[in-house]
Each structure stands twice: as structure tokens, then as C-alpha cells.
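First the structure, in the form of C-alpha cells, and then the observations on it.
Keep in mind the model is a prediction, meaning the values are calculated, not measured. Order of listing sets the numbers, starting from 1, for every ligand and every atom in it.
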Amino acid sequence: MQNPTMAIINAIKDQLRQHNYNYYILDDPSIPDAEYDRLMQQLLAIEADFPQWITTDSPSQRVGATPLESFEQVTHAVPMLSLDNAFNGEDLQAFDRRVRERLTKSSNKAIDDIVTYTCEPKLDGIAVSLTYEKGMLVTAATRGDGSRGENITQNIRTLDSVPLSLLGKGWPDILEVRGEVYMPTAGFEALNKKLASNGLKTYVNPRNTAAGSLRQLDSSITATRPLELCAYGVGLVSDDDSLPGQHFDILHQLQSWGFKINDQMRRVQGIEACLDYYQLLASKRASLAYDIDGIVFKVDELELQQSLGFVARAPRWAIAHKFPAQEEMTRLLKVDFQVGRTGAVTPVARLEPVFVGGVTVSNATLHNMDEIQRLGLCLGDTVIIRRAGDVIPKVVKVVQERRCESASPIVAPTSCPVCGGPVLRDDGEAALKCINGLRCSAQIVQAIKHFVSRKAMDIDGLGEKQVQALVDADKIKNVADLYTLDPLALSGMARMGEKSANNLLSALQKSKSTSLAKFLFSLGIREVGEATARSLALYYGCLANIQTADMESLLNVDDVGPVVAQRILHFFANTDTLLVIEKLQSVGVYWPEFDPIEEQAKQESLPFKELCFVVTGTMSSVSRDELKSQLQALGAKVASSVSKKTDYLVAGEKAGSKLTKAQTLQVPVLDESAALAMIASGLQVLEEGVLMPN
Ligand code: IVH
């Protein structure tokens with residue numbers, strides 16, 4: 001009979017394994033994290049008392065092995081092959097034709113028969129092979145040269161998505177599972193952010209990071225890295241009858257034994273459907289939570305796979321259809337320094353144009369001088385540019401081997417490239433700053449651009465070039481001067497015909513009627529975005545009270561912490577600023593003031609008052625801004641970035657990194673129609689609330 005404590009230990013282990021599976025494999029946790037932690041603590045406590053009962057597949061045994069001196073070599077029982085590539089639709093059609101011709105020759109099929117394919121994203125990571133004997137993980141190895149790889153068992157054991165022992169039943173005595181270890185984008189970005197903030201070298205891309213993380217001799221380092229394993233096939237299988245006869249079904253069988261498989265995987269009929277799948281995934285590429293570099297198509301029937309066989313190091317029954325590369329090499333021609341609204345002087349790389357991530361790139365941000373130093377970047381260097389999804393292009397690495405003798409250091413400017421004023425670096429800040437403030441024309445132009453922008457005073461007809469021209473011609477020195485423009489002042493300005501001038505003047509006139517929140521936002525107070533401006537307006541109800549508020553009072557406002565409060569105090573302490581505000585009011589800019597207590601009470605009764613939304617992507621029936629205002633009208637807060645505090649992400653078409661982040665943080669995602677339905681039900685609650693008798 002089993003010892004009772006042993007029975008308890010086994011029951012806890014089984015529960016933990018099942019919860020791991022729900023969480024990491026099915027992405028569908030069934031208990032809160034805290035409950036999981038409690039179970040784990042129980043297991044650790046019992047194992048501490050009875051160390052003789054610790055088994056290698058215990059959920060407590062993922063970390064803790066002693067660091068290795070070097071990796072041992074492992075010979076793969078079945079070689080790990082690579083794939084042929086297709087770079088366009090024709091290559092893919094040709095692959096299908098070859099498959100059908102061969103199958104006809106071997107009389108498995110008629111030439112016109114449609115072949116069933118499994119379509120899988122080609123994950124950009126590291127191929128590994130895991131060997132299970134009698135259901136226990138015994139060895140994990142890298143691909144190496146395909147015949148021999150490195151033994152990385154200790155490291156692989158630290159991945160939560162790898163079962164240490166197989167779940168369920170029916171597995172063969174020996175089972176080799178093949179798959180890709182990868183690092184999801186969000187984890188990669190978080191890791192790089194941490195490295196950069198410690199002044200350390202950052203990783204170029206998630207793939208290199210995954211490779212670096214797997215090749216750690218100390219598995220406790222691997223354990224800190226957010227790596228995942230996705231299974232895409234099998235190697236040696238001691239008993240063929242234990243697996244289904246179709247590739248797609250085999251992967252689902254692996255899922256039931258404890259492996260993660262890709263949820264985008266589909267089984268389709270014929271090559272046209274494969275091409276459709278390729279297009280579909282190409283459009284989803286940027287919003288996936290991980291990097292993919294193409295699609296793998298595999299003949300689904302194992303019998304047909306066997307009849308097709310292999311050439312050299314690749315199977316004839318599979319092909320990788322590659323996406324456009326997200327990284328390319330080019331040359332850094334020069335570095336310009338741009339001055340922003342806050343005076344920050346930002347280096348921008350001017351590059352020899354290069355096609356990367358589907359577009360031609362000739363500029364990339366370099367952020368600040370620290371970044372240039374970290375990259376070790378010199379003028380004339382050959383660099384690697386990365387453009388993934390909707391993210392702005394970035395210089396990720398200098399190709400040292402290609403450095404030429406004429407490469408010269410990048411020198412930080414000591415004076416402002418626009419106004420010639422002094423440039424300083426504040427303590428604790430990475431950016432260089434022109435301290436001339438609104439005496440620097442670059443900062444004036446940027447401040448005016450912000451003032452006229454759609455979410456601020458919404459004045460149509462003034463692009464950067466026109467603003468620059470008006471500033472250069474000395475016709476405006478600050479935002480209030482805009483309202484003194486007249487047909488005479490505008491006549492003769494480039495890009496300003498009579499019609500445009502009239503349109504601009506009426507846009508200016510129209511903009512005079514605004515709201516306190518929009519006016520505050522348009523002033524461009526540092527750290528005061530749309531949401532903070534709304535909170536300030538709601539809390540104070542009138543401008544005078546905001547101008548005279550002290551630190552203590554400001555800290556009572558939602559979203560306002562000491563840093564923001566300091567910025568606000570500093571802003572209103574400037575007499576030049578106060579003069580501009582007075583002038584704006586004297587030329588007729590006005591907004592209704594209100595009793596904040598009444599307004600807050602109104603807000604309190606709104607149905608979405610507890611909810612925080614983020615809206616991203618393209619909507620089809622409303623604009624993103626319209627959707628945001630509808631949510632705000634129901635009391636919701638609309639933030640600009642996804643965090644743990646976000647209640648819902650509304651994601652339209654072509655949603656990018658915000659969707660990825662929401663998925664990682666498990667923030668619920670609504671599509672456009674779900675969001676509109678929610679708004680409709682909010683409106684109903686509001687109406688019913690109003691109709692309800694007291
Ligand atoms: S199948 C015999 N499926 O791509 C078939 N490979 O260029 C072998 N990869 O070394 C591979 N996702 O690292 C396959 N769904 C997938 C894959 C995949 C990524 C990688 C794998 C392999 C390389 C081949």
C-alpha cells in the first residue's frame with residue numbers, strides 16, 4: 001500500500017502538472033496564481049521533510065542543477081533535417097507540382113488529386129529535440145549539425161512549457177519530440193529594457209536571445225528567461241502505432257501529452273489554400289506574440305511523406321515559405337540631431353536606403369548618446385537595421401568586421417543645431433537638451449505644431465512646413481500669435497493661397513471655442529497628456545484654480561504624482577507662459593467652466609467609471625478617436641498604453657504591439673463589434689439609470 005504522505009505528494013504533483021498544462025500549454029489557467037503558489041509551497045514543504053521522495057519529474061525540480069563546465073555532445077537517433085525555402089507564390093506552386101508528380105509516379109495519387117497540407121507558422125527560434133523514455137524526459141539537445149547537437153537537458157528542464165514527464169497515456173516507450181524554443185516579443189523587450197537600464201549590451205532580436213539563453217552553462221540563468229517550446233514534429237518513435245497517421249493529428253496527440261503546439265496551425269486542402277493561409281498570417285504577423293519568419297507547409301499524410309522521402313538534408317514533403325526579412329544590413333551615412341518640443345536633442349541615423357520589413361528605410365532613431373555608445377557606432381559603419389511590424393526602424397548592431405578605416409566617431413553637439421543655444425544634459429536623464437526653451441525656433445515650431453494638432457486645439461491647415469515658414473518670417477512667436485494672423489499677414493506665404501489662407505483663418509476662429517481639458521493639453525505641459533489634462537480639468541473645473549494649485553492639492557488629482565505635479569508647478573511659474581495664456585483668452589479663446597463637485601458626481605454615476613480601455617488598430621465603422629470619446633462619455637478612462645491596469649484592449653484591424661502586450665498580460669481583447677456592443681449596453685444602462693425614479 002502507498003504511504004499516505006506519498007499519496008498526498010503524488011496528488012499535489014498531479015494537480016500542479018495539470019495547472020501547468022492549463023496555464024502554459026492551453027493558455028487557459030483554471031486557478032489563480034496565488035492558489036498555484038500555495039500548492040507549490042505545500043509540495044516544497046513536504047519535499048523538504050522527505051527529500052528521499054523527490055523525483056526528477058517533480059514540478060519543484062525545474063531549476064537547481066549545478067552549472068556545467070561545457071555541453072556534452074549528443075547524437076540524434078534520427079537526424080534533424082532542415083527545410084527548403086520558397087520565396088514567392090511560384091516557388092510554392094512548383095513545390096506542390098513536384099509533390100503531385102512524385103506521388104503519381106509512385107502511384108499513390110493521380111496528378112490532379114488535391115494534396116492535404118498542414119500549415120504552421122515558422123517560429124524564429126532554436127530547433128531542439130527532446131527524448132522521453134517511459135514517459136520521462138531524459139535528454140534535450142540542440143540541432144547542431146543535424147546529426148550531433150549539444151546536451152542542454154538542464155536548461156530545457158527550466159521551461160514551464162516542457163513536460164518533465166508525459167501526461168495522459170498511450171505514449172510510446174521512446175519518443176523524440178522536435179520543436180522550436182523561442183522568446184515571445186514582450187519578454188524580449190522587457191529583458192532588453194532591463195539590460196539597457198543597467199548600461200549593459202542589449203540583444204539584437206528574440207531569436208539570438210533565445211539562443212543565448214539556451215546556451216547558458218548555468219541553468220539558473222536560463223530559468224530567468226521567458227522561453228517557450230512549441231512542438232512541431234517527432235523524431236524516433238519506438239512504436240509507430242502509438243501515433244496517428246496524419247501530421248496534424250500527431251501534433252494534437254503531442255498536445256494531449258503535455259506539449260504546446262501553435263494555435264495558428266491549420267489543415268488545408270491544396271496549394272491555393274496554402275497561399276491564402278500565407279497571406280492571412282502575413283497580415284497577422286505584427287500582432288503575433290512572437291517572431292515568425294515564414295510559414296511551413298507539410299504534406300499531412302504520413303504515408304505520402306514516406307513515399308516522397310528526402311533529398312540531401314531536407315524532406316521532399318515540406319517547404320518553408322519565407323516572409324520579407326525584418327533585419328538587413330546597410331551603411332550609416334550621417335547622424336543628424338533633431339530638436340523636439342521639450343528641447344531634447346535626438347540623434348537620427350541617415351542610412352543608405354534599404355528594403356527591410358516590407359518598406360524602404362533611410363532613417364532610424366538612435367534615441368540618445370548613450371545608445372550610440374552602447375552600440376559602439378561610428379560614422380560610415382555597416383549596421384544591422386531591424387524593422388519588425390509597426391515598430392519604428394532601429395539600429396540594432398554594428399557589423400564590426402566591416403568597419404572601414406575612415407569610420408569616425410559621432411560627436412555630441414555642444415550647442416543647439418537650430419538656435420545655437422547651450423546644450424546640457426540633466427542629471428539622471430539620457431537626453432541632451434537645448435536650454436533656450438521658447439527662444440529656440442525648433443521648440444517654438446514644435447510647441448505650435450502640438451497646439452494646433454487634432455487632439456489639442458484641432459486647427460486644420462497648418463503643417464510643420466507652414467508653421468516653420470511663419471516662425472521664420474517672424475509672423476508668429478508663440479501660440480497666441482496664431483490668432484493675430486490676418487489675410488495680409490498670410491498673403492505671399494509659400495503654400496498659402498487665398499483659399500488656404502481663408503480656410504486657416506476660419507479654422508482658427510472655430511477653434512476658439514474649446515474645453516478646459518483640450519486647452520490644458522494643447523499648452524504642452526511636459527508629462528501632461530490627454531488623460532492627465534482631463535483629470536486636472538475634472539478636478540478643478542477652472543483654469544485659475546489649476547494655475548494657483550500647490551503641490552499638495554495637485555497630488556490629489558488622479559494620475560498626478562510628484563513628477564507631473566512638479567512639471568505643472570514649473571510651467572505656471574513662468575511669467576512668459578502666463579502672458580501667452582492671458583493673450584489667448586483676450587483674443588477670445590474660451591471654454592465653459594463648471595462646478596467640479598457636480599461634474600464629478602455626474603461622472604460617478606456613469607456606467608464605465610471603473611473601467612480603463614486602450615484602443616488600437618483600424619476600425620471600420622467609426623474612427624478610433626470617435627470610439628474613444630464614446631467610451632469616455634460613458635465614464636471610462638482611455639489610456640495610451642497597455643498595462644496590468646487595463647481592463648480591455650479594443651483592437652481593430654492591423655493591431656500591433658499593443659495587442660501583443662495585452663495577450664501577454666492576459667488583458668481581455670474586444671474587436672470593434674464587441675466594443676460597440678458594450679458601448680450600446682452602457683448607453684442603455686445610462687438611459688435606464690436616468691429614467692429610474694429616485
Ligand atoms: S519542420 C523535417 N516546422 O525551421 C522538418 N521547422 O529551416 C524539419 N522551424 O530547423 C523542420 N518552425 O528550427 C518545422 N513549424 C515548424 C517550424 C520549423 C520553425 C525551424 C526549425 C528548423 C528550421 C528549418
Side-chain angles (χ1 to χ4, degrees), residues 76-87 91-92 95 99 117-130 140-150 152 156 159 161 176-185 205-211 213-215 227-237 243 246-252 254-255 259-268 274 277-278 281-282 284-285 288-302 304-323 325-326:
H76 300 302
V78 171
M80 292 183 76
L81 303 174
S82 64
L83 292 168
D84 276 344
N85 291 324
F87 293 100
D91 290 353
L92 199 62
F95 160 75
V99 164
Y117 292 103
T118 291
C119 316
E120 299 165 32
K122 186 169 184 297
L123 295 164
D124 205 2
I126 317 300
V128 294
S129 181
L130 313 183
T142 58
R143 177 170 180 275
D145 62 6
S147 314
R148 282 159 69 78
E150 284 176 328
I152 50 159
I156 283 292
L159 272 62
S161 48
E176 252 180 32
V177 174
R178 302 274 162 89
E180 197 85 350
V181 170
Y182 61 99
M183 184 175 286
T185 326
N205 57 38
R207 201 208 87 89
N208 291 6
T209 322
S213 305
L214 266 194
R215 296 205 72 258
L227 297 173
E228 288 182 11
L229 173 103
C230 174
Y232 57 62
V234 291
L236 181 67
V237 179
L243 288 174
Q246 286 79 25
H247 176 73
F248 188 83
D249 300 334
I250 291 178
L251 295 192
H252 282 91
L254 292 180
Q255 185 186 38
F259 295 92
K260 196 179 181 87
I261 56 174
N262 193 285
D263 61 356
Q264 303 290 332
M265 181 174 59
R266 297 287 178 271
R267 176 155 53 191
V268 305
C274 291
Y277 178 90
Y278 175 86
L281 264 280
K284 284 190 185 178
R285 185 185 188 186
L288 295 176
Y290 40 81
D291 270 4
I292 61 175
D293 57 350
I295 303 293
V296 184
F297 299 106
K298 299 173 185 167
V299 171
D300 194 46
E301 283 288 343
L302 253 45
L304 301 185
Q305 287 190 0
Q306 272 148 20
S307 131
L308 287 161
F310 305 88
V311 245
R313 308 211 57 77
R316 287 204 190 89
W317 43 264
I319 195 153
H321 190 179
K322 300 295 280 278
F323 286 137
Q326 294 185 319

Heavy atoms only, cut-off 4.0 Å: how does [X] contact ligand 1, side chain, backbone, both, or neither?
X	answer
Leu83	both
Lys298	side chain
Pro121	backbone

Do [X] and [Y] have side chains that get closer than 4.5 Å, going by heavy atoms?
X	Y	answer
Tyr117	Tyr277	no
Leu308	Pro315	no
Trp317	Gln306	no
Ile250	Leu302	yes

Ligand 1 N/O within reach of [X] N/O, cut-off under 3.5 Å:
X	result
Glu180	yes
Leu123	yes
Ser82	no

(request) Could you tell me whether ligand 1 has any atom less than 4.0 Å away from a heavy atom of Ala318? (result) no
Among all protein heavy atoms, pick out the one at the shortest distance from [atom]; state its residue, atom name and that distance to 0.1 Å.
atom	answer
atom 6 (N) of ligand 1	Tyr232 CZ, 3.5 Å
atom 2 (C) of ligand 1	Pro315 CG, 3.6 Å
atom 7 (O) of ligand 1	Lys122 CE, 3.5 Å
atom 15 (N) of ligand 1	Glu120 OE1, 2.7 Å
atom 8 (C) of ligand 1	Leu81 O, 3.8 Å

(message) Show the nearest heavy-atom pair for residues Glu228 and Leu159, with the distance to one decimal.
(response) C-CD2, 3.9 Å
(request) For residues Gln264 and Pro121, report the shortest heavy-atom separation together with the two atoms involved. (result)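 Residues Gln264 and Pro121, closest heavy atoms: CB-CG, 3.8 Å.
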(request) Please work out whether the ring planes of Tyr182 and Tyr290 are parallel, tilted or perpendicular, with thresholds of 30° and 60°. (result)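 Perpendicular, since the angle between the ring planes exceeds 60°.
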(request) Could you tell me which atoms of ligand 1, counted from 1 in the order shown, lie closer than 4.0 angstrom to a heavy atom of Ala127? (result) 10 (O), 13 (O)
(request) Applying ring pair (Phe, Tyr, Trp, His ring centres under 6.0 Å), name anything that partners His247, two or more places apart in sequence or on another chain. (result)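 By the ring pair (Phe, Tyr, Trp, His ring centres under 6.0 Å) rule, His247 matches no residue at all.
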(request) Please list, chain by chain and in numerical order, all residues satisfying side-chain contact (heavy atoms from CB on, under 4.5 Å) with Glu180, sequence neighbours excluded. (result)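 With neighbours one apart ignored, the set is Leu123, Ala127, Tyr232.
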